[in-house]
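Quick caveat, the model's predicted, so the values are computed rather than measured.
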There are 2 protein chains.
Amino acid sequence: MKSIFTDQHLLHNPQHEIFRGERVPCYEAVSRGGIVREALLTHGHEVSAPTEDAGPLLTRVHAPRYLQFLEGAWEEWLALDPANAESQPFPSVWPIRSLRSDVEPADFIAKLGFYSMDNGTPLAAGTWTAVRAAADAAVTAARLVVGGERAAFSATRPPGHHAGRDFMGGYCFLNFSALAATALQDGGAKRVAILDVDYHHGNGTQSLFAERNDVFTLSLHADPRHEYPFYLGHADESGRGEGLGANANFPLEPGASNATWFAALEEAITRIEAFAPEALVVPLGLDAFSGDPLSSFHLTGDDFERLGARLKAIGLPTMFQLEGGYAVEELGENAARVLNGFEGA
Amino acid sequence: MKSIFTDQHLLHNPQHEIFRGERVPCYEAVSRGGIVREALLTHGHEVSAPTEDAGPLLTRVHAPRYLQFLEGAWEEWLALDPANAESQPFPSVWPIRSLRSDVEPADFIAKLGFYSMDNGTPLAAGTWTAVRAAADAAVTAARLVVGGERAAFSATRPPGHHAGRDFMGGYCFLNFSALAATALQDGGAKRVAILDVDYHHGNGTQSLFAERNDVFTLSLHADPRHEYPFYLGHADESGRGEGLGANANFPLEPGASNATWFAALEEAITRIEAFAPEALVVPLGLDAFSGDPLSSFHLTGDDFERLGARLKAIGLPTMFQLEGGYAVEELGENAARVLNGFEGA
């Protein structure tokens, strides 16, 4: 399968994140990139660099002032103190209920919290360049599908599915799956389904399309009562306004069996088929893997191949977007096996 | 002035907080309590323990499930791992826009974020006992005023004005000024004004009464575009629904002069007089002090005495509630001088 990858991901290389008040190394490590690229090549998939410009699509997914903030954030951080080059900014306060989300603060750290949902999405010097290149990769993969490819894979990092219209979260800054869906629609697919198979609910993607009836968002994930992102991804969420009915969640108990996981996948596919989309986007988190340090699910390499085959059988032009997966050694192999399953089916 | 103080404040003794991703000692230190008590006694004020039970009032200010969470939080933390007795829980994720605030998570750390607006409100083993006792102190002071005292001071810690109906923030867990206003209303004062003079906007108090026209909330503070709480406290906030007009903010530029500060105080008092309340609550932060490490204002001890005299001249039964103030050595002296000014006027 044609896969898009960019070495620019190396520029997003934060040294640590804050987890429950402790500094810890980043799970979303820079080593994830090369591992995926190598495995794709080993398995005979074609890897190339982005050729498309996501720029004109960005403001159709994200708020302009959020994009401006992201683009200038590192410079703003350095302007506070040149010594900040050796450290990372983290927010302290977040605009929850009763607080305002309409007035952007002037203080840099307050802006960082204003545009964040958590304390685990570290910014680094090259974050904007890396995520901007990853956006190009996503749009390139989507346009390959528009151009007639049966499927394509945007295989670069960081992930994107937790990022909302104007906030970062869960290692995500820009929502690549939403950009890909937009590119597919521009290419002629009026109705698009997005089926998120990451261990964690794709809250950003869901919220971006919650009021839209031309994009059906579905997510198969660990119950948010127990797992990140905690505050979205419940079974009773089904879209709002015109989008009512165009969202479906399949939260599974932590530790859910593979039989349960694949049964939920079948339910999701039944819903997709009823929606009758013209293209499919798959936010491909590999953290439902049995060996993942952040997960309690049990998928194996064979299961990922089975997943690929089952997705192929839906019969839609399909764009895959790399999302989570923190068992770094096996990450590339698991991603490649989804593609193998898709191509072999 | 009769002042209420409880040694139970000593039980709220967290070791550190998280500020912009770094562990730092708590500014809201346990030493603040004794300093205030000593200064009050030195200046001839009468200090006694709470005699009233705030229990029946708590659910009139706070959401029952938030109170349940606070009461059981430390036990829940220990239940995860007995070794947690030696550490402190901090949240990782916050329910900002597009995320849900209606479904309480099962995960303890997720619940902590669900009920928090920041990463700087550390919980300790005795937090609930301490804040419960401080609530009793606030209600005791309010009832002294109901009983005919010209004024009374609840002089215990931690502060309360950032706490909302169902969230903690800025070292605050329960909103003592809101409890005091409720007790004053129960005692016959139909209309109450709350004039917050802390350096930081009293976001919790404002949000609790935003839709009420019988409680006028006013706050004189550093512009939230630059200072905590960042996402509330702007000049264009004036209440909502039935409460429209019963909220006023006086955000001042960082570094504002004392002349500016006192001019804003006059404006606020003009608004209070137009509202014609029957009682006044003053969330008394002393962090507008020139020596405060978290502030850019310039009030001196003399200015605090002037403030007390001016508040007396409003002519209302007045309940004072200790809020912020982090120049610990001078904190008690500054508080006592407000009371001196009030009594001497």
Side-chain angles (χ1 to χ4, degrees), chain A residues 16-23 87-107 109-120 122 162 164-167 169-170 203-204 206-208 210 223-234 236-237 254, chain B residues 16-23 87-107 109-120 122 162 164-167 169-170 203-204 206-208 210 223-234 236-237 254:
Chain A
H16 59 268
E17 61 186 71
I18 307 295
F19 183 66
R20 302 181 174 186
E22 305 282 347
R23 278 191 179 205
S87 65
Q88 293 172 215
F90 287 99
S92 284
V93 193
W94 288 262
I96 67 156
R97 55 194 174 276
S98 89
L99 301 174
R100 293 173 70 170
S101 284
D102 59 334
V103 185
E104 185 188 69
D107 178 84
I109 295 293
K111 274 195 281 198
L112 190 59
F114 188 75
Y115 291 124
S116 295
M117 62 177 275
D118 65 20
N119 213 343
H162 297 304
R165 179 166 163 72
D166 61 358
F167 62 85
N203 64 287
Q206 173 177 314
S207 67
L208 280 162
D223 188 333
R225 293 182 67 247
H226 300 281
E227 294 282 8
Y228 190 95
F230 299 116
Y231 316 129
L232 205 69
H234 300 287
D236 64 343
E237 294 153 19
Chain B
H16 59 268
E17 60 186 73
I18 308 295
F19 183 67
R20 302 181 175 186
E22 306 283 347
R23 280 190 178 205
S87 65
Q88 292 173 214
F90 287 99
S92 284
V93 194
W94 288 262
I96 68 156
R97 54 195 174 276
S98 89
L99 302 174
R100 293 173 71 171
S101 285
D102 59 333
V103 184
E104 184 188 70
D107 179 86
I109 295 293
K111 274 194 282 196
L112 190 60
F114 188 76
Y115 291 124
S116 295
M117 62 176 275
D118 65 20
N119 214 344
H162 297 303
R165 178 166 162 73
D166 60 358
F167 61 86
N203 65 286
Q206 173 176 313
S207 67
L208 279 162
D223 189 332
R225 292 181 67 247
H226 300 281
E227 294 283 8
Y228 190 93
F230 300 114
Y231 316 128
L232 205 69
H234 301 287
D236 65 344
E237 295 154 18

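Heavy-atom pairs under 4.5 Å with chain A were tallied for B/R97, B/K111, B/H226, B/H234; the largest tally goes to B/R97. Looking only at heavy-atom pairs under 4.5 Å with chain B, the residue among A/L208, A/D102, A/V103 that has the most is A/V103. When each of B/L232, B/I96, B/L112, B/I18 is scored by its heavy-atom pairs under 4.5 Å with chain A, the top score falls to B/I96. The residue among A/G170, A/G120, A/P105 with the most heavy atom pairs within less than 4.5 Å of chain B is A/P105. Contact tally against chain B (heavy-atom pairs below 4.5 Å) for A/E237, A/H16, A/R100: the top residue is A/R100. Interface remark: of the candidates B/S98, B/P89, B/G233, B/S98 forms the most heavy-atom pairs closer than 4.5 Å to chain A.
Heavy atoms of B/P95 lying under 4.5 Å from chain A belong to its backbone as well as its side chain. With a 4.5 angstrom heavy-atom cutoff, B/S87 does not touch chain A via any of its atoms. Looking at A/P229, the atoms closer than 4.5 Å to chain B (heavy atoms on both sides) all sit in the backbone: N, CA, C or O. Using a 4.5 Å cut-off between heavy atoms, A/F114 contacts chain B through both its backbone and its side chain. Of the two parts of A/E227, neither the backbone nor the side chain holds a non-hydrogen atom closer than 4.5 Å to a non-hydrogen atom of chain B. In this structure, chain B has no heavy atom under 4.5 Å from any part of A/D223.
In this structure the side chain of B/D118 reaches within 4.5 angstrom of the side chain of B/Y228, judged on heavy atoms. You'll find the side chain of B/S101 stays beyond 4.5 Å of the side chain of A/Y231, heavy atoms only. Between B/L99 and A/F230, the closest side-chain pair of non-hydrogen atoms is not below 4.5 Å.
Between B/E22 and A/R23 there is a salt bridge, since at least one side-chain N of the basic residue sits less than 4.0 Å from a carboxylate O of the acidic one.
Contact record, A/S116 with A/F167: N-CB, 4.1 Å, taken as the closest heavy-atom pair.
Side-chain contact of A/N203 with A/H162: a donor-acceptor pair under 3.5 Å is present, judged by distance alone.
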